[in-house]
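Chain letters run A, B, ... following the sequence lines, proteins first, then strands; residues in each count from 1.
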Amino acid sequence: MKYDFNTIEQKWNTYWKEHQTYQLKNQFDKPKYYVLDMFPYPSGAGLHVGHPLGYIATDIFSRYKRMKGFNVLHPMGFDAFGLPAEQYALETGQHPAVTTENNIKRYKEQLDNIGFNYDWSREIQTSDPKYYKWTQWIFTKIFHSWLNPKTQKAEPINTLLALFEKEGNISVQKEKASLFTAEEWKNFKEEDQRNILMQYRLAYLAEAEVWWCEALNTVLANDEVVNGVSERGGFPVEKKKMSQWFLRITDYADRLLDSLNDLDWTDAMKEMQRNWIGRSEGAVVEFQLKDENRKIEVFTTRPDTIFGVDFIVLAPELNYIETISTPEQQEAVNNYIKYVKSRSERERIAEKKISGCFTGAFVIHPFTKREIPIWISEYVLSGYGTGAIMAVPSGDDRDFAFAQHFDIEISNIFGTQFDGTKAFSSKEGIIENSDFISGKTIKEAADLILKAIEAQGIGQSKINFKLRDAGFSRQRYWGEPFPIVYKNNIPYSIDEAELNLKEADKNLPVLLPHVDHYGPGPNGQGPLANISNFVNIQNSNGENLLRETNTMPGYAGSSWYFLRYMSPNDSENFVDEEACKYWQSVDLYVGGTEHAVGHLLYSRFWTKVLFDLAYTKFEEPFKRLLNQGMIQGSSRFVYRIKGAACQFVSEGLKDQYETDAIHVDVNLVNGTELDLEAFKKWRAEYADAHFILEEEKYICGVEIEKMSKSKYNVVNPDNIVKEYGADTFRMYEMFLGPIEMSKPWDTKGIEGVHRFLKKLWRLFFDEQTEEFIVTDEAPNKAELKILHQSIKKVIDDIEKFSFNTSVAQFMILVNELSDLKCHKKAILSQVVLLLNPFAPHISEELWHHLGYEGSINDASFPIFEEKHIVETEKTYPVAINGKHRTNIAFPLTAEAKDVEPVVLENEIVQKWLEGKPHKKIIFVKGKMINVIV
RNA sequence: GCGGGUGUGGUGAAAUUGGUAGACACGCUAGACUUAGGAUCUAGUGCUGCGAGGCAUGGGGGUUCGAGUCCCUCCACCCGCACCA
């Protein structure tokens, strides 16, 4: 009997489906473990071999945990709203709901081929009204909340209303807002009251810039703007202000920062979040405009350098620039502002090019009374701090470069520490030439300046965050509609009584209406604005109201999806209370680093809000986070000779010609050798191709790139599964290398893993006689040794998520058992159990042949709990005269859980040295020794 | 530019966390069995040298009896940078 993986895998996939092996009950009495993958966006291209990498790892881990007796939640779903489906709809006219459904169907088939243990009865799709109903519901809760600065917790907006009615805004006054009393509050018009509340809501409306393309009459995403023009059509784009929804995540900046410490995430991941939040302590300082009773407020992290200010730089989009520029400079300023409008933020900060424009205006230095010029430049961003900086060229690299470029004289406040060729940007140093802070350290100087500006009433210390509020509006079709209705231009959540909505309009979800075309609405509004019976509604009083026509961004649905898996079909609540109490937060979350700041930060924010509002019992969504690397594609190139119509030259000879490198489908290439006939058939234009060969072969060029359709380097897991089986595919993906590392896919290497499984099969079946050859003989020492070594190694590696080394250990195990000709049930049944998380199909099949009924996955087995006898040797390195090393081996017998030697290491070594001449023994950290003889 | 990461044979990688560098595989080279099989098995395979040996973990420097591992510095590549998800 041969290892017929196709039949075996089909058999068990069907068995699991029919017996609902992986369907999970909320068994609240068992210990729980929640394993989650970042759910995929179902793209039209289908899964490629890179997608399942993390899924296989979590599948192994969840099977392992289940075998250890845990109740394991390991669900899967789809992040189904998004831009690509809409762009596809624009091109083809196909409804995103239809293409999305097809894509999901394809994804599920592909996933099922690999044999994952998902409980599909818990599947969620963010574009499903049953799901986005609750996304909208959570949005209304966020809209109806504010962050109480005293408790630092979200509270219902009613508590703020009560406060206003009792004492006005005295204790919760927002920066730059005027004070009002309770009496005044009550006399405000409804519109003014709502506007004030809007300044507190955790979801609020504000003006913000978007990319606007006049020619396409639409708003574009950053991804749709390439090199300053629209990706579609190459039309010019510019920034335009529009009213947008935001989530006030900045109110949670400190908490998001603090609770990072308790998470079991990699340091790199935490560091990226910290830097993204970007807390910095500094000061705001006012500079008086010359000849005018107005002030410019700057934020600086280096108040100590205030005597080194040589110019002020404003972000070009600040609206007061026009009013301070002198008439002579006005035109130059306007031109510069126009130029900046066409620049992306990335370009502005990434390019080395220095640009700016003098406004003609000056401020007066608060201490020296010196006149300081005001410039505008794109390197200052309006969204950070006050959008204005005090430039200190002797202490800041960018300011230095700017001063040099525009020939601005540089004041030196660091004495000899500043050499005039580059800024002295160290945070340790002595301030010089700075009046009353000369000779002080930077730290002391900063404190003194803070005191001085506070005394003068021109500034105070301030903590600033790089983090910005999260833009939550998209002028798109394929997203969640907002549960928001405007009455007299004032936004209301549809559950508010003031709206007097008809019963049918009051309830969630607000369904995404069907549209016939997906083009933008008037004035840059989203496609929903075109549907008048969606937009225009009447309330019970017969008043005309307007619905919000924006939709929510992609991260809305993904910010809370981990909660929905706990009770995916609950129609009464976003999550069932009991289930939520039991499952708590995700124990292990696996996904790519590309989500390090976006999704993970938003999700943490939503979780905290829901916690504050007492809807959940935990504050962090993901306790342990692991990142998986990307599997890159290995692209192949052919070299077409320039000028010659259809002539290609082999890689080794290409330098003799002028050629264009052209991507060729990897599936037409065996290693690096091109299949000429297949290539000719690939495309009509290549039917008459001629080739210049080397050694009778056409060799292709190779480059490692992102796996993508357009590069023809996509490898479909379906083909691999068909050819080698899912178990081989699973183990090979794990064997490729550490999960977190990016690496190129190479189909050739899969043979080794496939051989391993065939070899394993031959421990059970004699392929010559076609007989089952497992015996009931008792195992011997050698067999037990390799078995138990492997159990220990594999389990340790699973816990460490080091699956590549566990697969290697399996290979060693099977090689040794083959050499020992071990066909004993006592050994093999243990091997099968251990292998089950990695290669579930073959394990089930062999388990069945060993005479066991049902599925391994139906029950938990004690293999991972038992103490096993481990016979092993531990070696101790000893250096002689600091140079030559010997290892002394000591046999020891211990139990698996307690493999440490009973005897202290040093004593072992000393015992070994007994009777051997030596002068001196050097102990290092009580462990390593160096023997001087 | 800023933030994070990675760098070891022809290739993917391993290394008890400071202790014999290259486990386990791919590939390659021989051979066995086979009357073509992309099956299986055996041996070899970092570089260099006939050899004992010498040299090797991106480059350079340092700490240490001992460095792939720790420190400094330079280089290359990958990911993210707020409307891709």
Side-chain angles (χ1 to χ4, degrees), chain A residues 2 38-41 43 79 81-84 87 208 210-211 219-225 244 266-276 278 345-352 379 383 397-398 466-476 553-555 557-558 592-599 601-602 627 629-630 632 671 704 706 732 735-738 740-753 755-756 758-759 762 767 796 802 804-805 807-812 815 818 874-887 922 924-925 927-932:
Chain A
K2 282 217 158 172
M38 291 185 187
F39 62 166
Y41 174 79
S43 89
D79 193 8
F81 274 134
L83 197 51
Q87 285 168 329
V210 291
W211 279 117
V219 174
L220 296 175
N222 283 344
D223 266 23
E224 297 174 296
V225 178
Q244 309 271 318
T266 59
D267 291 337
M269 200 52 64
K270 290 184 187 181
E271 195 59 22
M272 276 190 261
Q273 290 229 338
R274 282 193 197 104
N275 292 335
W276 187 257
E345 204 166 280
R346 181 97 54 93
E347 289 169 333
R348 286 173 57 174
I349 49 180
E351 281 179 21
K352 281 186 177 168
Y379 81 91
D397 293 325
R398 278 181 312 181
K466 224 182 274 164
L467 183 69
R468 307 206 286 257
D469 280 341
F472 203 65
S473 285
R474 300 292 183 265
Q475 290 71 44
R476 300 286 177 181
Y555 64 82
S558 61
T593 39
E594 66 271 23
H595 300 285
V597 285
H599 159 61
L601 203 60
Y602 297 134
N627 296 114
M630 236 193 308
Q632 294 146 321
I704 305 302
K706 210 169 184 165
Y732 181 54
F735 185 60
L736 270 177
E740 67 276 11
M741 217 84 96
S742 289
K743 57 237 147 190
W745 175 265
D746 175 17
T747 303
K748 276 202 151 178
I750 203 168
E751 293 285 352
V753 176
R755 273 177 210 144
F756 150 74
K758 286 195 279 192
K759 215 169 193 178
R762 289 198 297 270
E767 293 192 334
D796 284 353
S802 169
N804 54 329
T805 49
V807 176
Q809 186 61 42
F810 273 116
M811 292 179 174
I812 295 168
N815 281 341
S818 294
K874 190 149 183 167
T875 58
Y876 297 86
V878 178
I880 310 291
N881 287 344
K883 204 165 179 205
H884 308 289
R885 287 193 57 251
T886 23
N887 279 312
I922 300 167
V924 182
K925 287 182 201 162
K927 203 177 172 191
M928 307 309 173
I929 70 158
N930 180 22
V931 183
I932 312 288

query: Given B/rC83, B/rU40, B/rG4, which nucleotide is nearest the side-chain atoms of A/R762?
result: B/rU40
Nucleic acid footprint by protein, nucleotides 24-30 of chain B - heavy-atom cut-off 4.0 Å, B for base, S for sugar-phosphate alone: BSS----
message: Suppose you measure atom C1' in B/rG59 against the same atom in B/rG7; what distance do you get, rounded to whole Å?
response: 12 Å
query: So, is B/rU17 syn or anti if syn means the angle is within 90° of 0?
result: syn
- request: Using the C1' atoms only, state how far B/rC70 lies from B/rU63, rounded to an integer number of Å.
  value: 8 Å
field: B/rC33 to B/rA25 separation - P atoms, rounded to the nearest Å
entry: 25 Å
field: Under-4.0 Å side-chain N/O to phosphate OP1/OP2 contact, A/K758 with B/rU40
entry: yes
- prompt: Between A/L220 (CG) and B/rC83 (P), how many Å, whole number?
  reply: 14 Å
Set of residues satisfying side chain to side chain contact (heavy atoms under 4.5 Å, CB included) with respect to A/A208, sequence neighbours excluded: A/Q244, A/F246
- prompt: A/H595 side chain: which of B/rG12, B/rA85, B/rA14 is closest?
  reply: B/rA85
task: In whole angstrom, give me the gap between the C1' atoms of B/rG4 and B/rG54.
output: 40 Å
task: Before giving the answer on side chain to side chain contact (heavy atoms under 4.5 Å, CB included), spell out for A/L736 and A/W745 the whole-Å C-alpha distance, their side-chain angles and the decisive distance to 0.1 Å.
output: CA-CA 8 Å; A/L736 270 177; A/W745 175 265; 4.0 Å; yes
field: Euclidean distance for C1', B/rC2 against B/rU48 (whole angstrom)
entry: 45 Å
statement: Whether each nucleotide of nucleotides 68-77 of chain B has a protein heavy atom under 4.0 Å at its base (B), only at its sugar-phosphate (S) or at neither (-) is summarised, 5' to 3', as ----------
- prompt: What does A/W276 touch in the nucleic acid at a heavy-atom separation under 4.0 angstrom: a base, only the sugar-phosphate, or nothing?
  reply: base
message: Would you measure the distance from the C1' atom in B/rC78 across to the matching atom in B/rA30 and give it in whole Å?
response: 40 Å
field: Heavy-atom pair with the smallest gap, counting every atom of A/V597 and A/M272
entry: CG1-O, 3.6 Å
statement: Closest to the side chain of A/A221, out of B/rA14, B/rC79, B/rC83, is B/rC83
- request: Would you mind telling me which residue lines up with the more 5' stretch of RNA chain B, A/R398 or A/S802, judged by nearest nucleotide?
  value: A/R398
Inter-nucleotide C1' distance (B/rA56, B/rC72), Å rounded: 23 Å
- request: Could you tell me whether the phosphate oxygens of B/rG12, OP1 or OP2, come under 4.0 Å of any side-chain nitrogen or oxygen in A/N804?
  value: no
query: Under 4.0 Å between a side-chain N or O of A/R468 and OP1 or OP2 of B/rA82?
result: no
